[in-house]
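Structure record follows, encoded as structure tokens.
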2 protein chains.
Amino acid sequence: MSIQARKERERAERERLIVSAARELAEAEGWDAVTTRRLAAEIEYSQPVLYSHFKGKTAIMAAVAVEGCAELAGELRRARTAAEGTRARLAAVGEAYTAFARRRPALYDAMFTHLVDLPWATPEAPAPLREAFGELLAAVEPTAAEGEDTGLLTETFWAGLHGLVTLMRSGRLPEAGHERRLALLIGHFTAGLPGS
Amino acid sequence: MSIQARKERERAERERLIVSAARELAEAEGWDAVTTRRLAAEIEYSQPVLYSHFKGKTAIMAAVAVEGCAELAGELRRARTAAEGTRARLAAVGEAYTAFARRRPALYDAMFTHLVDLPWATPEAPAPLREAFGELLAAVEPTAAEGEDTGLLTETFWAGLHGLVTLMRSGRLPEAGHERRLALLIGHFTAGLPGS
DNA sequence: GCAGTGTTGCTAGCACTGCTAGAATCCGGG
DNA sequence: CCCGGATTCTAGCAGTGCTAGCAACACTGC
């Protein structure tokens, strides 16, 4: 009984070790550097051990992505609750979102650009994913007009942020001007608001 | 003199063959299926021939991306010139952009998601890239307020479209609702326009 | 017409990838 | 103390992008 519990505990511990090692390696050298061999060496086990925990490399990335979503949700919440007023809250959340993406590019890639085989826009989506989206929703909701679908509106706003981030990170948009582009996006999503 | 001209012509012909084969293969089975071996077989030459034309696989993808940009520019222009009125033009261009992305996902990936090592936001960017952006600019410009930077505004609008497309294609946004999300984006970028 | 020459394209192979079958090893229970 | 079963490792597969060095070809000058 007790010894099996210990084994399960150790196993869970090692699983967390895999995920955090993958994340650290990715953040330090990019996802290309995260090979199964390299990752196995990092956790001081052999390759096949990885496959006893995860179905494959993409499953490991998915686990990292979920972890990242939890973190992002926290940062968005902090930004939102710290700001006063509808417009300022949306601006703060947008700022926090893009700052997160720029500070942790590899994490962001795992979450929102790489194919990771996670259920997204469904109730079965992992909690951290729904939480992160919920934070965006909470910031966007007050800006909605009468009868507007706040879910769709949030998705559209999210797309704007995501586009800014990815196009910039791939060199398609110059870093310079990011603040002003973000301000334009916020401005267009809060036009016609009494508080502006 | 003439024989060298013929050789160069044949060489250029083969280069075009490589690019179009890569493109067709990518559109049919995705970029993962475009391996150097497969591509070589497709053009009925051996692998090293590819490297006498392009620096590597990414360079081939870049060539495909440029071709795709030219095509996108054409479709955007058609959409823009066919529509009447500032708002309708922006809507038509947005519609054409997302339709292109959904119809030719592999092409779109090469152009705007994969790392392709092309100069983008500079004067040295290939003409088709600048043309495609110019089409967006032409549609966005009339919506700009007094003293607004139309370049930055276009970039922001582009980011919105790009975000919608990529999040949808990776399953992060449901296909259903695309039209309404696009309408919301257009709406927010044309608010406060006399013609609305 | 023909040998020499220089380019052109091919064969073979490197170092690496994700992933897995089967051998070896370790650990708890009798 | 030793056996049995779970656990982990070694070794290898099929595939990747890319390249060195050789063979064969086409063209030039005689």
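Chain letters run A, B, ... following the sequence lines, proteins first and then strands; every chain starts at 1.
Spacing between atom CD of A/E44 and atom P of D/dT8 amounts to 14 Å, rounded to whole angstrom units. Between the NZ atom of B/K57 and the C1' atom of D/dG17 there is a distance of 8 Å, rounded to whole Å. Regarding B/F54, its CZ atom lies at a distance of 13 Å from the P atom of D/dC18, rounded to whole Å. Across the protein-nucleic acid pair, A/I60 atom CD1 and C/dC19 atom C1' stand 12 Å apart, rounded to whole Å. Between the CD1 atom of A/I18 and the P atom of C/dC19 there is a distance of 13 Å, given to the nearest Å. Atom P of nucleotide D/dC9 and atom CG of A/L50 are separated by 10 Å, given to the nearest angstrom. Residue B/I43 contributes atom CD1, which lies 10 Å from atom P of C/dG9 at whole-angstrom precision. Remark: C1' of D/dC9 and NE2 of A/H53 are 14 Å apart, rounded to the nearest angstrom.
Taking the six-membered ring for Trp and thresholds of 30 and 60 degrees, B/H162 and B/F112 have ring planes more than 60 degrees apart, a perpendicular arrangement.
The nucleotide whose nearest atom lies closest to any side-chain atom of A/Y45 is, among D/dT19, D/dC9, C/dT11, D/dC9. Taking only side-chain atoms of B/Y51, from C-beta outward, the nucleotide of D/dT19, C/dT20, D/dT8 with the closest atom is D/dT19.
Within 4.0 Å (heavy atoms only), B/R38 reaches no atom of the nucleic acid at all.
Two residues, B/R14 and A/D32, neighbour DNA chain C, and the one matched to the more 5' nucleotide by heavy-atom proximity is B/R14.
Within 3.5 Å, a donor on the side chain of A/R37 pairs with an acceptor on the base of C/dG18, or the reverse. A donor N or O paired with an acceptor N or O is not found under 3.5 Å between the base of C/dC10 and the side-chain atoms of B/Q47.
In this structure, B/R104 does not pair ionically with B/E75, as no charged nitrogen and carboxylate oxygen lie closer than 4.0 Å. Ion pairing between A/E175 and A/R102 holds under the 4.0 Å rule for side-chain N and carboxylate O.
How far NZ of A/K57 is from OG1 of A/T35: 7.0 Å, rounded to the nearest 0.5 Å.
At D/dT8, none of the side-chain N or O atoms of A/S46 fall inside 4.0 Å of OP1 or OP2 (strictly under the cut-off). Distances shown here put every side-chain N or O of A/T36 at or beyond 4.0 Å from the OP1 or OP2 atom of C/dC19. Within the structure, every side-chain polar atom (N or O) of A/R11 is placed at least 4.0 Å from both OP1 and OP2 of D/dT7.
With contacts defined as side-chain heavy-atom distances shorter than 4.5 Å, the pair B/V93/B/L136 qualifies.
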